[in-house]
Peer 1: 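Here you go, one structure.
A, B, ... follow the sequence lines: proteins, then strands. Residue 1 opens every chain.
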There are 2 protein chains.
Amino acid sequence: MTKPTPDPRHTLTLRDVSEASGVSEMTVSRVLRNRGDVSAPTREKVLEAARALGYVPNKIAGALASQRVNLVGVVIPSLSNMVFPEVMTGISEVLDGTGLQPVVGVTNYLPDREESVIYEMLSWRPSGMIIAGLEHSAASRAMLARAGIPIVEIMDIDGDPINHAVGISHRRAGRQMAEEIIAAGYRKIAFLGTQMPNDFRAKKRLEGFEEALAKAGLSLVDREYYSGGSALLKGREMTAAVLNRTPDVDFLYYSNDMIGAGGLLYCLAQGIDVPGRIGLAGFNGVELLDGLPRKLATMDACRLEIGKKAARIIAEAPEASQVEELFPTLQPGDTIRRA
Amino acid sequence: MTKPTPDPRHTLTLRDVSEASGVSEMTVSRVLRNRGDVSAPTREKVLEAARALGYVPNKIAGALASQRVNLVGVVIPSLSNMVFPEVMTGISEVLDGTGLQPVVGVTNYLPDREESVIYEMLSWRPSGMIIAGLEHSAASRAMLARAGIPIVEIMDIDGDPINHAVGISHRRAGRQMAEEIIAAGYRKIAFLGTQMPNDFRAKKRLEGFEEALAKAGLSLVDREYYSGGSALLKGREMTAAVLNRTPDVDFLYYSNDMIGAGGLLYCLAQGIDVPGRIGLAGFNGVELLDGLPRKLATMDACRLEIGKKAARIIAEAPEASQVEELFPTLQPGDTIRRA
DNA sequence: TCTGCTACTGTTACCGCTAACAGCCATCAT
DNA sequence: ATGATGGCTGTTAGCGGTAACAGTAGCAGA
């Protein structure tokens, strides 16, 4: 068990299988790809030989020769915030039936990193690309635009897509939540969210939110930003900070459900009347919330559906650009007063 | 904006850049890879041309010619349980400095799927593979063993590695937790965990746990399994079920922190004295716990460190097999009585 | 002047596979 | 018989790069 190669010979190629089974390389290739006509006995012989040798085809050579790569690049900002794994699930579900395979790249919300991830992926000549967001560096956009493959920008539709787009309007989502909150009678509203300068979708939600507040003659009475750390814990801390600084606040709007959940737990622990004295809302509809003692008001982001639709577009590679808007539903939960 | 290809010509190759800059393809190749000597003016000319054309090298051709692929396959069971994203972080951190790039494949705890993910990855001839767990189908093991690349099995070291291994002993972790619980004076201990037949690590923890119980003349007074759904919610439900069925239980051992957190929230909501009347413990040390009203006892699984060490082994590709055992630390939190 | 080197650039032969086409043989309608 | 047809298998020529080697020019030292 020193080197994982029991057989010191060169790595296996089609030629080895061809020699072992007594047919041409071409025929072996046909059998292994299930393409073209091969007689049943020959097919058996070949499969037998391939299995016996432990042959694994070389897709690099195959892709170069056939000019086809069964890979789909998926570029997302983060794996650890619970929203992208679900998008991935949607993508995988659809792609599984097509012979296409997703390859994930993570950018950590850094434009430079996004650029290099895109470059790296395109250099493998994938059959399509799925990318979170509509904001990319000029170089990124240029690379994608001239790659000659279907590009789907997901999550967001407030902007100009390069090619296709599937997502929701975050601006509208923010507006909608604000309207709901105002309708429920809350007036002293604070915002608590991520500092991340490159989370454009959170930013758009806040814009829409403030827009709707303004229309009702209101504005945020306080705001608190954070970055890094355990979201649940940050939620507690930020909530404490806001309640301390602005005691008469009556609603806390969180930029995501995790910090919202932290805030909810804090309020409950403090014995604060939710949603009577203070209302709370988050964003995303993460499954986690189901386990909380009280359900946080939120808005689902249609993550699974976005993944599926994006994958479908890649698989079908339509000529004309498509922009699919999905409409999130508001889940009032137990943290907004009933009207 | 109908087709993302502004220029209908064929896709760019080295030849295009070579013609545009008036040097041979070979020289262009050298410039783009920073290898070999090229005069400064030539280099500039080439870079200029490449940039102007928007050339993206074709790694497929490059890899075939050079027999080198800067990819590392990473095979994990799931992205959505919080533990693997952190392993990935560790892997990326180390790989970033080496020119190697991780490619993730997800198996959903299905051996068949694992086999096909491994096959698919090996067919791209990566420079190394990192795989969660030591349990794989015979075919998977065979493929990996004869791939001729470094293989690192991570998370677990209770078993026979194919090549290298980095992880903790889950059996020991279970044992250790049981000893702690017994030492704290708990005697009526129940287990609550996943049903998943292929989560071998959870199984090993339970084995170790029961082993230590047996040594103290104890055995589990109840057990409850679940599968699927929101872990936090399941934790509540299962806890309720156990408390109902076995009212005199005095300790709940959860197979992971998420359901443990659900159980903790449930107990607190019910006004149960934790850790006086009932003690609780989970496994993993997920960051999430920091935000809970009370800290759940747990054991970190050294995830970040495992990722880093595995990546380092791949990067260094040592001749001799290595098995690195890490030692998790028990974090008693606030849910085990102080001795 | 010639040699030996260094610095740079070009030529050739693949890497391992597949598209496209070319054969071959049996079967079948004409 | 003749050609047409279809099932099966083999041959050839790349795919787009890179390793290895082969120049070529310029210059230092003998």
Peer 1: Please report the distance, rounded to the nearest Å, between CG in A:Leu12 and P in C:dG16.
Peer 2: 11 Å

Peer 1: Which whole-number value in Å describes the distance from A:Asn58 CG to C:dC15 C1'?
Peer 2: 9 Å

Peer 1: So does A:Asn163 get a backbone contact from the side chain of A:Ser321, meaning a donor-acceptor N/O pair under 3.5 Å?
Peer 2: yes

Peer 1: So, the side chain of A:Ser127 versus the backbone of A:Val69: is there a donor-acceptor pair under 3.5 Å, distance only?
Peer 2: yes

Peer 1: Answer yes or no: does a side-chain N or O of B:Arg33 lie under 4.0 Å from OP1 or OP2 of D:dA19?
Peer 2: yes

Peer 1: Would you say the base of C:dG16 and the side-chain of B:Arg125 have a donor-acceptor pair closer than 3.5 Å?
Peer 2: no

Peer 1: When you check the phosphate oxygens OP1 and OP2 of D:dC8, does a side-chain N or O of A:Thr42 lie under 4.0 Å from one of them?
Peer 2: no

Peer 1: Looking at every non-hydrogen atom in both residues, tell me the closest pair between B:Ala315 and B:Thr98 and how far apart they are.
Peer 2: CB-CG2, 4.0 Å

Peer 1: So, OP1 or OP2 of D:dG16: does either fall under 4.0 Å of a side-chain N or O from B:Tyr55?
Peer 2: no

Peer 1: Without decimals, in angstroms, what is the distance between B:Arg68 CZ and C:dC15 C1'?
Peer 2: 12 Å

Peer 1: How is A:Asp37 classified with respect to the nucleic acid when contacts are heavy atoms under 4.0 Å: base, sugar-phosphate, or nothing?
Peer 2: base

Peer 1: Can you tell me how far apart CG (A:Leu95) and CG (A:Asn70) are? Round to the nearest 0.5 Å.
Peer 2: 9.5 Å

Peer 1: With the threshold set at 4.0 Å, does a side-chain nitrogen-carboxylate oxygen contact exist between B:Asp160 and B:Arg141?
Peer 2: no

Peer 1: Find the distance A:Glu25:CD to D:dG10:C1' and express it as a whole number of Å.
Peer 2: 11 Å

Peer 1: Are OP1 or OP2 of C:dC14 and a side-chain N or O of B:Gln67 less than 4.0 angstrom apart?
Peer 2: no

Peer 1: Measure CG/A:Leu64 against P/D:dA13 and give the value in whole Å, please.
Peer 2: 18 Å

Peer 1: Take atom CH2 of B:Trp124 and atom C1' of C:dC15, then tell me their distance rounded to the nearest Å.
Peer 2: 15 Å

Peer 1: Is any side-chain N or O of A:Ser29 closer than 4.0 Å to OP1 or OP2 of C:dT18?
Peer 2: yes

Peer 1: If you draw a 6.0 Å radius around CZ in A:Arg15, do more than 12 non-hydrogen atoms from other residues or ligands fall strictly inside?
Peer 2: no

Peer 1: Tell me the interatomic distance from A:Leu14, atom CG, to D:dT9, atom C1', rounded to whole angstroms.
Peer 2: 15 Å

Peer 1: What's the separation between atom OG1 in B:Thr13 and atom CD in B:Glu25, rounded to the nearest 0.5 Å?
Peer 2: 6.5 Å

Peer 1: Would one find a side-chain N or O of B:Thr27 under 4.0 angstrom from OP1 or OP2 of C:dG10?
Peer 2: yes

Peer 1: Can you measure B:Ile60 atom CD1 to C:dC14 atom P for me and round it to whole angstrom units?
Peer 2: 23 Å

Peer 1: OP1, OP2 of D:dG7 versus side-chain N and O of A:Ser39: anything below 4.0 Å?
Peer 2: no

Peer 1: If an axis is fit to five pairs at each end of the helix from C:dT1-D:dA30 to C:dT30-D:dA1, what is the angle between the two, to the nearest 10°?
Peer 2: 50°

Peer 1: Which atom names give the shortest non-hydrogen contact between B:Ser140 and B:Glu114, and what distance separates them?
Peer 2: OG-OE1, 4.4 Å

Peer 1: Check the phosphate of D:dT18 against B:Ser66, side-chain N and O only, distance under 4.0 Å to OP1 or OP2. Yes or no?
Peer 2: no

Peer 1: Which residue, B:Gly22 or B:Ala61, contacts DNA chain C at a nucleotide closer to its 5' end, judged by nearest heavy atom?
Peer 2: B:Gly22

Peer 1: Taking donor-acceptor contacts at under 3.5 Å, does the side chain of B:Arg15 reach the base of D:dG17?
Peer 2: no

